[in-house]
Amino acid sequence: MSDSDDDIPTLSAHTLAALQEFYNETRTGPAHSTTPSEQFAVGAVEEDWRMSQFWYSDETATQLAEEVLREAGEGGRIACVSAPSVYQKLKQGVLDGSDRVSAVVFEYDRRFAAYGDDFIFYDYNEPLSFPASVAPQSFDIVLADPPYLSEECLRKVAKTIKHLSKGKVLLCTGAIMENLAKELLDVKMCSFLPKHNRNLSNEFRCFVNYPSRLLSC
């Protein structure tokens, strides 16, 4: 082996430019638009596959947002844990009653810090690490979408859910996690089939621990 730089492969200027453009796109946060429907549009922040991000379709984000609105009730508080698409739909101002609840997005991706005080940094590896402003059992409903289909991830996210929720849980994850989700959170699989903007290789489902319209959709 040689210590010479001549043996190190290099990328062309065109390839480097393309990679930089891709990186810039994936790092782009929500634009400072004039209307909430634009600023909080699902997809205003580009998916970043490096963080296992797969946004819901607009229809699914709408249905899940309507569900948490119903369950939170007027004046209720909603926690969206690793589920920014639903948070964005709640903030667009297009759903009846969305102006009468408060919603917070718990996210690892700091691009969502553009949403100000509604953003709380969240790393599932530290499931109970929150600022003092986040009191235990202070959310009327918690909607969570663990970023990875693994037992470790779901167990840690379940700790977060139990810490945040007054009781109601809406979990979105792979169907293969059904038994563990039941064990950890006493949830039932819904008939409702959530969809993503990109097709996922694993069957994806929703689970709840309360009487819900999603159970029989």
Side-chain angles (χ1 to χ4, degrees), residues 22-23 26-27 42-43 45-57 60-61 63-65 67-68 78-89 103-113 119-131 134 136-137 139 141-210 212 214-215 217:
F22 169 78
Y23 181 77
T26 58
R27 299 307 300 168
V42 175
V45 177
E46 293 284 339
E47 292 175 345
D48 188 339
W49 55 269
R50 292 167 296 185
M51 288 187 277
S52 188
Q53 291 178 337
F54 305 97
W55 301 157
Y56 298 131
S57 69
T60 290
Q63 288 182 269
L64 293 177
E67 172 71 11
V68 294
I78 300 167
C80 299
V81 179
S82 301
S85 302
V86 178
Y87 165 80
Q88 289 170 321
K89 181 57 66 174
V104 175
V105 59
F106 292 79
E107 251 297 329
Y108 184 79
D109 187 346
R110 293 187 185 275
R111 290 178 296 170
F112 289 96
F119 168 81
I120 295 175
F121 177 75
Y122 173 68
D123 182 349
Y124 81 88
N125 288 301
E126 299 180 20
L128 301 179
S129 178
F130 301 114
V134 180
Q137 287 81 54
F139 290 90
I141 185 167
V142 175
L143 184 155
D145 185 343
Y148 300 103
L149 288 179
S150 71
E151 179 176 340
E152 177 212 18
C153 183
L154 183 53
R155 285 189 180 278
K156 290 179 177 178
V157 173
K159 290 182 180 179
T160 300
I161 293 170
K162 291 177 179 178
H163 179 81
L164 296 176
S165 180
K166 294 179 180 179
K168 294 179 181 178
V169 174
L170 171 50
L171 176 70
C172 301
T173 188
I176 61 172
M177 308 305 290
E178 179 179 10
N179 291 338
L180 183 59
K182 169 68 175 175
E183 173 192 327
L184 296 174
L185 297 166
D186 195 25
V187 290
K188 295 181 180 179
M189 183 184 288
C190 301
S191 297
F192 171 68
L193 294 174
K195 294 181 172 59
H196 295 77
N197 284 329
R198 303 176 192 271
N199 292 326
L200 302 185
S201 57
N202 296 292
E203 183 184 358
F204 202 80
R205 301 300 290 263
C206 293
F207 304 83
V208 295
N209 69 342
Y210 58 89
S212 168
L214 300 180
L215 286 167
C217 282

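Position 1 is the first residue of the sequence; numbering continues from there. Both backbone and side-chain heavy atoms feed into the values below; hydrogens, waters and symmetry mates do not.
- If you take CZ on Arg205 and CE on Met189, they are separated by 5.0 Å, rounding to the nearest 0.5 Å.
- With hydrogens and angles ignored, the 3.5 Å screen pairs a side-chain donor or acceptor of Thr60 with a backbone N or O of Lys195.
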Go through the steps to decide whether Ser212 and Glu67 satisfy the test side chain to side chain donor-acceptor pair (under 3.5 Å), and finish with yes or no.
CA-CA 8 Å; Ser212 168; Glu67 172 71 11; 2.7 Å; yes
Decide yes or no on side-chain contact (heavy atoms from CB on, under 4.5 Å) for Val187 and Tyr210, but give the supporting numbers first.
CA-CA 8 Å; Val187 290; Tyr210 58 89; over 6 Å; no
side-chain contact (heavy atoms from CB on, under 4.5 Å), that's the test. Do Lys166 and Phe139 meet it? Break it down for me.
CA-CA 6 Å; Lys166 294 179 180 179; Phe139 290 90; 5.9 Å; no
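- Atoms CD1 and CG, from Ile141 and Leu164 in turn, are 12.5 Å apart once rounded to the nearest 0.5 Å.
- A pairwise comparison of heavy atoms in Ser165 and Gln137 identifies O-CG, 3.2 Å as the closest pair.
- Between the CD atom in Glu107 and the OG atom in Ser82 there is a gap of 5.0 Å [rounded to 0.5 Å].
- Note that CZ of Phe112 is 14.5 Å distant from CZ of Phe106, once rounded to the nearest 0.5 Å.
- For the residue pair Leu128 and His163, the shortest heavy atom distance occurs at CD2-CB, 3.6 Å.
- Atom CG of Asn209 sits about 9.5 Å away from atom NZ of Lys168, to the nearest 0.5 Å.
- Separation of atoms CG (Leu143) and SG (Cys80) is listed at 5.5 Å; rounding is to 0.5 Å.
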Would you give me the side-chain donor-acceptor pairs under 3.5 Å for residues 169-185, sequence neighbours excluded?
unit_1, atom_1, unit_2, atom_2, d
Lys182, NZ, Asp186, OD1, 2.8
Glu183, OE2, Arg155, NH2, 3.4

For residues 119-127, which side-chain donor-acceptor pairs fall under 3.5 Å, sequence neighbours excluded?
unit_1, atom_1, unit_2, atom_2, d
Tyr122, OH, Thr160, OG1, 2.8
Asp123, OD1, Asn125, N, 2.9
Asp123, OD1, Asn125, ND2, 3.2
Asn125, OD1, Lys156, NZ, 3.4

Under the side-chain contact (heavy atoms from CB on, under 4.5 Å) criterion, do Leu214 and Leu64 qualify, and how do the steps go?
CA-CA 9 Å; Leu214 300 180; Leu64 293 177; 4.2 Å; yes
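- With sequence neighbours left out, the side-chain contact (heavy atoms from CB on, under 4.5 Å) criterion links Ala103 to Ile78, Tyr87, Leu90.
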